[in-house]
Amino acid sequence: MERRACVVCETNEFAQQYCHLDGQDYLHCDNCGLIYVDRLLKPEELYKAYSGDTVKSLRRKLMAPFRKFSWTKSFDNSMRRARGIFEFGQQQVTAVGEKRRYMDIGCNKGFLLATAHEHGWDVYGIELVRELIRPFMNSYPQYRNQVFSERFEDAKENVEKASFDLITAIDVVEHFEDVTGDLQGIYELIKPGGVFLIQTPDTACERAEREKCDWGALKPLEHLHVFNCENFTTLARRAGFAEIECFVPFEEADGNFVAVLRK
């Protein structure tokens with residue numbers, strides 16, 4: 001069977017077998033360094049990895065309508081982390097306007113949304129697992145129509161183009177099925193002077209190079225494309241972003257990099 005093409009180089013000419021994990025093959029592009037799954041599963045198969053096992057998923061669904069945002073485990077630490085990330089992103093924005101608009105893609109339990117609300121921003125979120133974000137919406141009902149439980153490609157149709165000052169995707173772009181299309185869609189939503197801020201696993205980090213197939217960021221049912229700063233920059237420029245700058249990560253975890261993409 002023909003190997004899948006690298007989304008950066010747009011060819012499978014340089015694709016080499018890298019790892020076999022969880023029944024899936026990872027390929028390595030010897031030209032740009034991208035690590036990516038050879039076969040993209042159907043969305044319903046991929047999303048099982050996010051919702052957890054049957055018992056965990058059922059418990060979430062039963063409890064979510066009654067939970068409050070502030071009851072979340074490690075709430076104070078999570079809010080402290082979110083404030084650091086949001087304030088960094090806010091500093092990068094040069095777009096002007098009285099009411100600033102923010103979107104978090106993969107907003108999880110809503111810590112970044114709550115932080116943006118604290119700063120007076122109008123907030124939007126995308127989270128596939130609705131039960132995760134439900135406690136936030138219980139506590140912030142004014143945003144119920146601005147948090148979408150669907151894929152980005154569908155959710156973006158619900159919002160106005162060129163209307164966001166800041167969009168974040170923290171530990172998310174590695175999950176994108178259509179990386180090129182999603183980056184182009186994000187570019188279209190951002191105002192001139194606005195910013196897209198990401199954190200994602202870094203294939204150029206020391207742990208990735210040392211641990212190879214044992215590297216913790218390799219999760220083929222979740223992490224479909226694993227980048228380094230250079231190849232992600234190539235994709236971002238192709239999507240239209242004028243300036244891309246990489247930074248040290250907000251937290252190391254398995255080895256990450258942060259990138260600021262400016263329109």
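Side chains included, hydrogens not; waters and symmetry mates left out as well; all remaining heavy atoms used. Computed from a predicted model, the values in this text were never measured in an experiment.
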dist E174:CD -> L218:CG (nearest 0.5 Å) comes out at 11.5 Å
(Q) Quick one, H117 with Y143, criterion ring pair (Phe, Tyr, Trp, His ring centres under 6.0 Å). Give me CA distance, side-chain angles, the key distance, then yes/no. (A) CA-CA 10 Å; H117 172 80; Y143 296 124; 5.6 Å; yes
message: For the pair C229/C246, is the SG to SG distance below 2.5 Å?
response: yes
Review point. Do D25 and Q17 meet the criterion of a side-chain donor-acceptor pair at a distance under 3.5 Å?
Key: yes
Parallel, tilted or perpendicular, as decided by the 30° and 60° cut-offs, for the rings of H119 and F86 = tilted
Q. Do NZ/NE/NH1/NH2 and the carboxylate oxygens of E188 and K263 come within less than 4.0 Å?
A. no
Residues passing the disulfide (SG to SG under 2.5 Å) test with C19, sequence neighbours excluded, are C213
CZ of F227 to CD1 of I35, rounded to nearest 0.5 Å, is 11.5 Å
For D165 and A95 the tightest heavy-atom approach is OD1-CB, 3.5 Å
| query | For the residue pair H20 and Y26, is the inter-centroid distance of their aromatic rings smaller than 6.0 Å? | reply | no
If you measure from the Lys or Arg side-chain nitrogens to the Asp or Glu carboxylate oxygens, is any gap between R100 and D122 under 4.0 Å?
no
So CD1 of I170 and CZ of F250: to nearest 0.5 Å the spacing works out to 5.0 Å
- Could you tell me whether Y187 and F241 have their ring centroids closer than 6.0 angstrom? yes
Quiz item: Is there a chain of hydrophobic side chains (I, L, V, M, F, W, Y, each step under 4.5 Å between heavy atoms) that links V129 to M137?
Solution: no
* Asked: Applying the 4.5 Å side-chain criterion to the ILVMFWY set and letting contacts propagate, would L261 and I167 be lumped into a single cluster?
  -> yes
From CA spacing to verdict: side-chain contact (heavy atoms from CB on, under 4.5 Å), L224, K219: CA-CA 8 Å; L224 310 180; K219 303 172 183 178; over 6 Å; no
CZ of R238 to OG1 of T233, rounded to nearest 0.5 Å, is 12.0 Å
Set out, in order, the CA-CA distance, both residues' side-chain angles and the distance that settles side-chain contact (heavy atoms from CB on, under 4.5 Å) for C205 and W215, then state yes or no.
CA-CA 10 Å; C205 75; W215 185 35; 3.9 Å; yes
task: Measure up the H225 and Y36 rings against each other and bin them: parallel (under 30°), tilted (30 to 60°), perpendicular (over 60°).
output: parallel
- Query: Taking the side chain as C-beta and beyond, is there a heavy-atom pair between F196 and R262 under 4.5 Å?
  - Reply: no
Closest non-hydrogen contact found for N228 with C32 is ND2-O, 3.5 Å
More than 12 heavy atoms of other groups within 6.0 Å of N77 CG: yes
Shortest non-hydrogen pair, L40 vs R4, comes out as CD1-NH2, 3.7 Å
- Item | Exercise: do E150 and N158 side chains pair donor with acceptor under 3.5 Å | yes
Taken to the nearest 0.5 Å, the spacing of L235 CG from F176 CZ works out to 11.5 Å
- Could you check Q16 against R3 for side-chain contact (heavy atoms from CB on, under 4.5 Å), going step by step and ending with a plain yes or no? CA-CA 9 Å; Q16 300 294 329; R3 287 173 173 164; 4.1 Å; yes
Q) For E118 and R83, what are the C-alpha separation, side-chain angles and deciding distance, and is it a salt bridge (charged side-chain N to carboxylate O under 4.0 Å, His left out)? A) CA-CA 9 Å; E118 287 179 347; R83 289 179 182 121; 2.8 Å; yes
Here the gap from I133 atom CD1 to I126 atom CD1, rounded to the nearest 0.5 Å, amounts to 11.5 Å
Heavy atoms of D202 and N256 approach each other most closely as CB-C, 3.7 Å
Hydrophobic clusters here meaning ILVMFWY residues chained together by side-chain heavy-atom distances under 4.5 Å, can you tell me if F232 and F152 are in one?
yes
- Query: For the side chain of S163 and the backbone of V159, is there at least one donor-acceptor N/O pair under 3.5 Å apart?
  - Reply: no
(message) Counting only heavy atoms not in E251 (residues, nucleotides, ligands), do more than 12 fall under 6.0 Å from its CD?
(response) yes
Please determine whether salt bridge (charged side-chain N to carboxylate O under 4.0 Å, His left out) holds for the pair K109 and D104, giving the CA-CA distance in whole Å, both sets of side-chain angles, and the decisive distance to 0.1 Å.
CA-CA 11 Å; K109 296 178 182 177; D104 187 27; over 6 Å; no
Review point. With distance as the sole criterion, is a donor-acceptor pair present between the side chains of N12 and E2 under 3.5 Å?
Key: yes
Tell me whether the rings of F111 and F69 are parallel (<30°), tilted (30 to 60°) or perpendicular (>60°). tilted
Check: Q90/W121 side-chain N/O donor and acceptor closer than 3.5 Å: yes
Here the pair of heavy atoms bringing Q146 nearest to F148 is O-CE1, 3.9 Å
Note, S78 side chain near R81 side chain (heavy atom, < 4.5 Å): no
Q.
Check for me, please, whether I105 and V179 land in the same ILVMFWY cluster - side-chain distances under 4.5 Å, paths through other members count.
A. yes
Donor + acceptor pair across side chains of E245, Q92 (<3.5 Å)
no
| query | In terms of hydrophobic clusters joined by side-chain contacts under 4.5 Å, are L221 and V173 together? | reply | no
Review point. Is there a side-chain contact between E13 and D30 (heavy atoms, below 4.5 Å)?
Key: no
(Q) When you compare the side chain of L27 with that of Y18, does any pair of heavy atoms fall below 4.5 Å? (A) no
Is it the case that the side chain of T200 and the backbone of D171 share a donor-acceptor pair, with hydrogens and angles ignored and the cut-off at 3.5 Å?
no
Is any side-chain heavy atom of L197 less than 4.5 Å from a side-chain heavy atom of F88? yes
Could you walk me through whether I198 and V258 satisfy the side-chain contact (heavy atoms from CB on, under 4.5 Å) test, starting with their C-alpha distance in whole Å, then the side-chain angles of each, then the deciding distance to 0.1 Å, before giving a yes or no? CA-CA 6 Å; I198 71 151; V258 162; over 6 Å; no
Step by step, work out the salt bridge (charged side-chain N to carboxylate O under 4.0 Å, His left out) result for E160 and K191.
CA-CA 10 Å; E160 185 182 351; K191 294 178 182 177; over 6 Å; no
In short, V37 meets Q24 closest at the heavy-atom pair CB-NE2, 4.3 Å
Q.
Measuring centre to centre across the rings, with the benzene-like ring taken for any Trp, is F164 within less than 6.0 Å of Y124?
A. yes
